[in-house]
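Treat the numbers as computed from the prediction; the structure is a model and nothing was measured.
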Amino acid sequence: QVQLVDSGGGLVQAGGSLRLSCAASGRTFSHYPMSWFRQAPGKERDIVAAISVNGGNTYYADSVKGRFTISRDNAKNTVYLQMNSLKPEDTAVYYCAARERTSYSPTAYYTAARAYDYWGQGTQVTVSS
């Protein structure tokens, strides 16, 4: 069983920055494609960013391109989301997700929620105007 613990959320003014962290335990983190999703009240859970096993391939939603950066440190079993130039519309609960398979591609990333097997508990990000 894989456990994911999200942290780093908080209240920030528009234009500010936050860095989210997701610490994984229980299995071989370096084999997992990872991602960040977010869910605002009354809305669906949407992909924010995704990263491949080797960290070389990444995906960003159009709404965050140029402002957010996803990265991973396989030695620390942690994935990060650096969020800059935050906007009020970024307000949501942010969740990290991990995909576990017996075989995997080191370069693939996944953008659909159904592709992931494990989820963090979520961390609230609130951006005030």
Side-chain angles (χ1 to χ4, degrees):
Q1 187 72 18
V2 175
Q3 289 86 40
L4 302 176
V5 179
D6 306 327
S7 63
L11 174 63
V12 64
Q13 289 188 333
S17 298
L18 285 172
R19 187 175 84 154
L20 306 184
S21 299
C22 172
S25 62
R27 294 290 178 86
T28 310
F29 175 82
S30 61
H31 294 178
Y32 303 152
M34 300 290 294
S35 66
W36 287 96
F37 285 74
R38 68 186 180 187
Q39 188 168 20
K43 296 188 177 181
E44 295 183 351
R45 188 171 297 190
D46 293 326
I47 183 75
V48 175
I51 189 166
S52 61
V53 165
N54 66 5
N57 290 340
T58 56
Y59 166 88
Y60 296 96
D62 287 344
S63 58
V64 307
K65 280 180 182 176
R67 300 187 298 123
F68 290 10
T69 302
I70 188 171
S71 62
R72 65 189 298 159
D73 186 336
N74 287 343
K76 295 182 178 180
N77 285 10
T78 303
V79 64
Y80 304 98
L81 185 68
Q82 177 66 44
M83 306 187 295
N84 298 328
S85 302
L86 282 161
K87 304 175 180 180
E89 51 263 44
D90 294 319
T91 295
V93 178
Y94 284 70
Y95 300 89
C96 71
R99 172 180 170 93
E100 182 183 41
R101 294 292 185 275
T102 54
S103 64
Y104 63 93
S105 164
T107 59
Y109 57 76
Y110 301 85
T111 59
R114 64 181 180 273
Y116 291 90
D117 305 297
Y118 301 101
W119 294 84
Q121 82 285 0
T123 185
Q124 176 71 47
V125 172
T126 303
V127 184
S128 63
S129 58

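No path of Ile, Leu, Val, Met, Phe, Trp and Tyr side chains, each step under 4.5 Å between heavy atoms, connects Phe37 with Leu20, placing them in separate hydrophobic clusters. No continuous path of hydrophobic side-chain contacts links Tyr32 to Tyr80 [ILVMFWY only; heavy atoms under 4.5 Å]. Following chains of ILVMFWY side-chain contacts shorter than 4.5 Å, one cannot reach Trp119 starting from Val79, and the two form parts of different hydrophobic clusters. A single hydrophobic cluster is not seen to contain both Tyr118 and Tyr109; linkage of ILVMFWY side chains at heavy-atom distances under 4.5 Å, directly or through other members, places them apart. Both Tyr110 and Tyr59 are part of a single hydrophobic cluster, where members link through side-chain heavy atoms under 4.5 Å apart.
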### Message
Using side-chain hydrogen bond (donor to acceptor under 3.5 Å, both in side chains), reason through Gln124 and Thr126 one step at a time and then give a plain yes or no.
### Response
CA-CA 6 Å; Gln124 176 71 47; Thr126 303; 3.3 Å; yes
### Task
Report the C-alpha separation of Ser71 and Gln82 in whole Å, then their side-chain angles, then the decisive distance to 0.1 Å, and conclude whether the side-chain contact (heavy atoms from CB on, under 4.5 Å) test is met.
CA-CA 8 Å; Ser71 62; Gln82 177 66 44; over 6 Å; no
### Query
For Gln3 and Ser25, what are the C-alpha separation, side-chain angles and deciding distance, and is it a side-chain hydrogen bond (donor to acceptor under 3.5 Å, both in side chains)?
CA-CA 5 Å; Gln3 289 86 40; Ser25 62; 3.3 Å; yes
### Query
Which is it for Phe29 and Lys76 under the side-chain contact (heavy atoms from CB on, under 4.5 Å) test, yes or no, and what are the steps along the way?
CA-CA 9 Å; Phe29 175 82; Lys76 295 182 178 180; over 6 Å; no
### Query
Does the side-chain hydrogen bond (donor to acceptor under 3.5 Å, both in side chains) test come out yes or no for Thr28 and Ser30, once each step is laid out?
CA-CA 6 Å; Thr28 310; Ser30 61; 5.9 Å; no
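In plain terms, the two heavy atoms of Ala108 and Ser105 that are nearest each other are N-OG, 3.4 Å. Ile47 approaches Ala61 most closely through the heavy-atom pair O-CB, 3.6 Å. Between Val64 and Val48 the shortest heavy-atom distance is CG2-O, 3.6 Å. Considering every non-hydrogen atom in both Thr78 and Ser21, the closest pair reads CG2-CB, 4.3 Å. Minimum heavy-atom separation, Ser129 to Pro88: CB-CG, 3.8 Å. Listed here is the closest heavy atom pair of Ala49 and Leu81: CB-CD1, 4.1 Å.
For the atom pair Ile51 CD1 and Ser35 OG, the distance stands at 10.5 Å (nearest 0.5 Å). Expressed to the nearest 0.5 Å, how far CZ of Arg38 lies from CD of Glu44 amounts to 14.0 Å.
For the salt bridge (Lys or Arg N to Asp or Glu O under 4.0 Å) condition, no pair includes a residue of residues 1-21, sequence neighbours left out.
Remark: the backbone N or O of Glu100 is paired with a side-chain donor or acceptor of Asp117 at under 3.5 angstrom. Side-chain atoms of Thr123 come within 3.5 Å of backbone atoms of Gly9 as a donor-acceptor pair (strictly under, hydrogens ignored). At least one donor-acceptor pair under 3.5 Å links the side chain of Asn57 to the backbone N or O of Thr107. The backbone N or O of Ser85 lies less than 3.5 Å from a partner atom in the side chain of Arg67, making a donor-acceptor pair. A donor-acceptor contact shorter than 3.5 Å is absent between the side chain of Thr58 and the backbone of Ala50. Panel note: side chain Tyr116, backbone Cys96; no donor-acceptor pair is recorded below 3.5 Å. A donor-acceptor pair under 3.5 Å is formed between the side chain of Arg99 and the backbone N or O of Ala115.
Note that Arg45 lies in the cation-pi zone of Tyr95, set by a 6.0 Å cut-off to the ring centre and a 45° limit from the axis.
Between Val5 and Gln121 there is a side-chain heavy-atom pair separated by less than 4.5 Å. With a 4.5 Å cut-off on side-chain heavy atoms, Glu89 and Val127 do not count as touching.
Under the 3.5 Å distance criterion, with hydrogens and angles disregarded, a donor-acceptor pair is assigned to the side chains of Ser17 and Asn84.
Note: Trp36 and Phe68 fail the aromatic proximity criterion, with ring centroids not under 6.0 Å apart.
Using a cutoff of 4.0 Å between basic side-chain nitrogens and carboxylate oxygens, Lys87 and Asp90 are not scored as salt-bridged.
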